[in-house]
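Right, one structure below, let's go through it.
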Amino acid sequence: MTGGAGFIGSNFVLQCIAKGETVINLDLLTYAGNRANLIEADREACHIFAHGDICDAAFVGALLREHHPQAIVHFAAESHVDRSIADPGAFIRTNVQGTFTLLEQAKAYWLELSETEKRNFRFLHVSTDEVYGSLRPTDPAFCETTPYAPNSPYAASKASSDHLVRAYFHTYGLPTLTTNCSNNYGPFQFPEKLIPLVILNALEGKPLPVYGDGMNVRDWLYVGDHCSAIQTVLENGRPGETYNIGGNSERANLDVVHTICSLLDELRPNATIGDRRTLVQFVPDRPGHDRRYAIDASKVARELGWRPTVSFEEGLRRTVQWYLENAHWIENVRTGAYRDWIRQNYEERIAQ
Ligand code: NAD
Ligand code: DAU
């Protein structure tokens, strides 16, 4: 797998290990990659960490031949929309060039396999619902045949990588699978994303920055459910197909923020801070901010029997509890680079 030191990847590593599977984890350890996410995994001999770049063809090729994997699960990416607006180049490099390099190396490796190994090999590409663009309030949810209409540099780079994966199936026969998932949340998410950012700010009585009018809608899926969907598609998905994955939990951002405030007021009341909803601050919007995402996950349910198991309310409670219990992890991720990003993205917004 690639990107296994990031948020979803590290949850996936733990799930694989619990199933007794061996995982070769290739990760560059960018600002978003964190070895502390893998402390538990590192205790197991079946977790092998390889520090490297998916854009490094020689490194990827050598790793494949050294470990002879049966599948590649590709998580590695630049993943934060606001950063893609500030610095799109990094997204083109990793998400487009990196996926291309990985596909080239995977194809060369796959062509060397025996006929049986070739038939059983899979390349699973982890993608996003953002490739489909933005929905109006009454539009039907995104399905696998919804035309692509990416609106941010991040979404455009992921759409581009999805097209490359599709082309490698159609042109070369590489047995690929693609999953397009909605917003994840849960343990180990880097606190630049809405849910962990709001948990940490609310805990400390800091302003809770809500972009625009707070009425943008996202569909939320607990990360463990996303990982089980990926396992399901990997084991039983049909090569060449794409599968939409979602939580059937559409929420406006302001509702998400209010729910976090209520959970923290209950679990960590603080008389000085008082009612945490008063910390909400409406700030200038994200440029090109997609209004609504919604996922129709009926194909993966019908064909492969996967459904989400954790409700948004239960998942959010578990997530808030995890951040409350992991102060040391939080302290370590809030490095100088993290503080620089918070200053860059919020200082002017909050001053307005
Ligand atoms: P993340 O930003 O938390 O982690 C990305 C990981 O990739 C990090 O460990 C980083 O070090 C690694 N990485 C980055 N560039 C690399 C490179 N050039 N070579 C090797 N490793 C590199 O991301 P995430 O939120 O865990 O998302 C994982 C994947 O799932 C991404 O492809 C993302 O597009 C997709 N996705 C995410 C969500 C979500 O809500 N977070 C939803 C749908 C799909
Ligand atoms: O939909 C799947 C995507 O979900 C993934 O592909 C991305 O990798 C992942 O980052 C996520 O993208 P979003 O842009 O939806 O997530 P984010 O947490 O950045 O923002 C969620 C919503 O909250 C979005 O409408 C913007 C808003 N927001 C975000 C931040 C960071 C705020 O209002 N304030 C904030 O400070």
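- Counting heavy atoms from C-beta outward, K19 and Q231 have side chains that approach closer than 4.5 Å.
- Judged by distance alone, the side chain of T99 and the main-chain N or O of V96 form no donor-acceptor pair under 3.5 Å.
- The pair R291-D139 does not count as a salt bridge, with every side-chain nitrogen at least 4.0 angstrom from each carboxylate oxygen.
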Should D27 and H51 be marked as a side chain to side chain donor-acceptor pair (under 3.5 Å) after you check the CA-CA gap, both sets of side-chain angles, and the distance that decides it? CA-CA 5 Å; D27 197 295; H51 185 198; over 6 Å; no
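- Remark: R166 CZ is loosely packed, at most 12 non-hydrogen atoms of other residues, nucleotides or ligands lying under 6.0 Å away.
- Atom CG in N151 sits 11.0 Å away from atom NE2 in H289 (nearest 0.5 Å).
- The only member of R83, R339, R334 that meets salt bridge (charged side-chain N to carboxylate O under 4.0 Å, His left out) when paired with E192 is R83.
- Shown here are the side chain to side chain contact (heavy atoms under 4.5 Å, CB included) partners of P207, two or more places apart in sequence or in another chain: Q281, I350.
- Atom CZ of residue F123 and atom NE2 of residue H74 lie 5.5 Å apart, to the nearest 0.5 angstrom.
- Classification of R238 and E303 as a salt-bridged pair holds, one side-chain N sitting under 4.0 Å from a carboxylate O.
- We find that R292 and E250 are joined by a salt bridge, their nearest charged nitrogen and carboxylate oxygen being less than 4.0 Å apart.
- Among all heavy-atom pairs drawn from L264 and I199, the shortest one is CD1-O, 3.6 Å.
- Within the 3.5 Å criterion, the main-chain N or O of D290 finds a donor-acceptor partner in the side chain of N216.
- With 3.5 Å as the limit, one finds no donor-acceptor pair spanning the side chains of D129 and S182.
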Please step through salt bridge (Lys or Arg N to Asp or Glu O under 4.0 Å) for the pair R122 and E235, ending with a clear verdict. CA-CA 9 Å; R122 296 290 182 268; E235 282 161 22; over 6 Å; no
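- Ring orientation note: the planes of F142 and Y293 are tilted relative to one another, at an angle of 30° to 60°.
- Between E78 and K158, no side-chain nitrogen of the basic residue sits less than 4.0 Å from a carboxylate oxygen of the acidic one, so the salt-bridge criterion is not met.
- Atoms CD1 and CG, from I54 and L28 in turn, are 8.5 Å apart once rounded to the nearest 0.5 Å.
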Could you walk me through whether R277 and S262 pass the side chain to side chain donor-acceptor pair (under 3.5 Å) check? CA-CA 8 Å; R277 287 179 185 220; S262 305; 3.3 Å; yes
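- To the nearest 0.5 Å, the span separating CD on E130 from OG on S84 amounts to 8.5 Å.
- Side-chain polar atoms of D162 and T178 form no donor-acceptor pair below 3.5 angstrom.
- Remark: side-chain polar atoms of N11 are not paired, donor with acceptor, to backbone N or O of F188 under 3.5 angstrom.
- Residues E204 and R268 are not paired through a salt bridge, judged by the lack of any N-O separation under 4.0 Å between the basic side chain and the carboxylate.
- Geometric assessment of R349 against the ring of Y211 yields a positive cation-pi assignment under the 6.0 Å and 45° thresholds.
- At least one donor-acceptor pair closer than 3.5 Å links the side chain of D219 to the backbone N or O of N248.
- Using a 4.5 Å heavy-atom threshold, the side chains of S161 and H125 count as touching.
- Ionic pairing of D42 and R35 is present here: one or more N-O contacts between side-chain nitrogen and carboxylate oxygen are shorter than 4.0 angstrom.
- A pairwise comparison of heavy atoms in K299 and T242 identifies NZ-O, 2.8 Å as the closest pair.
- At least one side-chain heavy atom of D82 sits less than 4.5 Å from a side-chain heavy atom of R286.
- When atom types are taken as modelled, the side chain of N180 and the backbone of T128 share a donor-acceptor pair closer than 3.5 angstrom.
- Between the side chain of N270 and the backbone N or O of I273, at least one donor-acceptor pair lies under 3.5 Å.
- The backbone N or O of S114 lies less than 3.5 Å from a partner atom in the side chain of E117, making a donor-acceptor pair.
- Using bins of under 30°, 30° to 60° and over 60° for the plane-to-plane angle, the ring pair Y185/Y222 lands in the perpendicular bin.
- Side-chain atoms of L263 and L316, non-hydrogen and from C-beta on, do get closer than 4.5 Å to each other.
- Remark: side-chain polar atoms of T171 are paired, donor with acceptor, to backbone N or O of A167 under 3.5 angstrom.
- Distance check: C261 SG to L208 CG gives 5.0 Å after rounding to the nearest 0.5 Å.
- Under a 3.5 Å cut-off, the side chain of N37 and the backbone N or O of A5 do form a donor-acceptor pair.
- Other residues sharing the hydrophobic cluster of V81, ordered by chain and number and joined by side-chain separations under 4.5 Å: I85, F91, Y154.
- Residue R276 comes nearest to L203 through the heavy atom pair NH2-O, 3.7 Å, listed as atom of the first residue, atom of the second, then distance.
- Between E314 and R317, none of the side-chain N atoms (NZ, or NE/NH1/NH2) sits under 4.0 Å from a carboxylate O, so this pair counts as no salt bridge.
- In terms of heavy-atom proximity, I8 sits nearest to F75 at CG2-CE2, 3.7 Å.
- In terms of heavy-atom proximity, I72 sits nearest to L64 at CD1-CD2, 3.8 Å.
- A ring-centre distance under 6.0 Å is not found for F7 and F190.
- The line from OG1 of T259 to CZ of R251 is 7.5 Å long, rounded to the nearest 0.5 Å.
- W306 pairs by the ring-ring contact (aromatic ring centres under 6.0 Å, His included) definition with nothing, not counting sequence neighbours.
- For the pair N345 (side chain) and W341 (backbone), a donor-acceptor distance under 3.5 Å is absent.
- Residues I48 and T22 come closest through the heavy atom pair CD1-CG2, 4.3 Å.
- Aromatic ring centroids of H163 and Y148 lie under 6.0 Å apart.
- Cation-pi geometry between K107 and Y168 is not met at under 6.0 angstrom from the ring centre and within 45 degrees of the axis.
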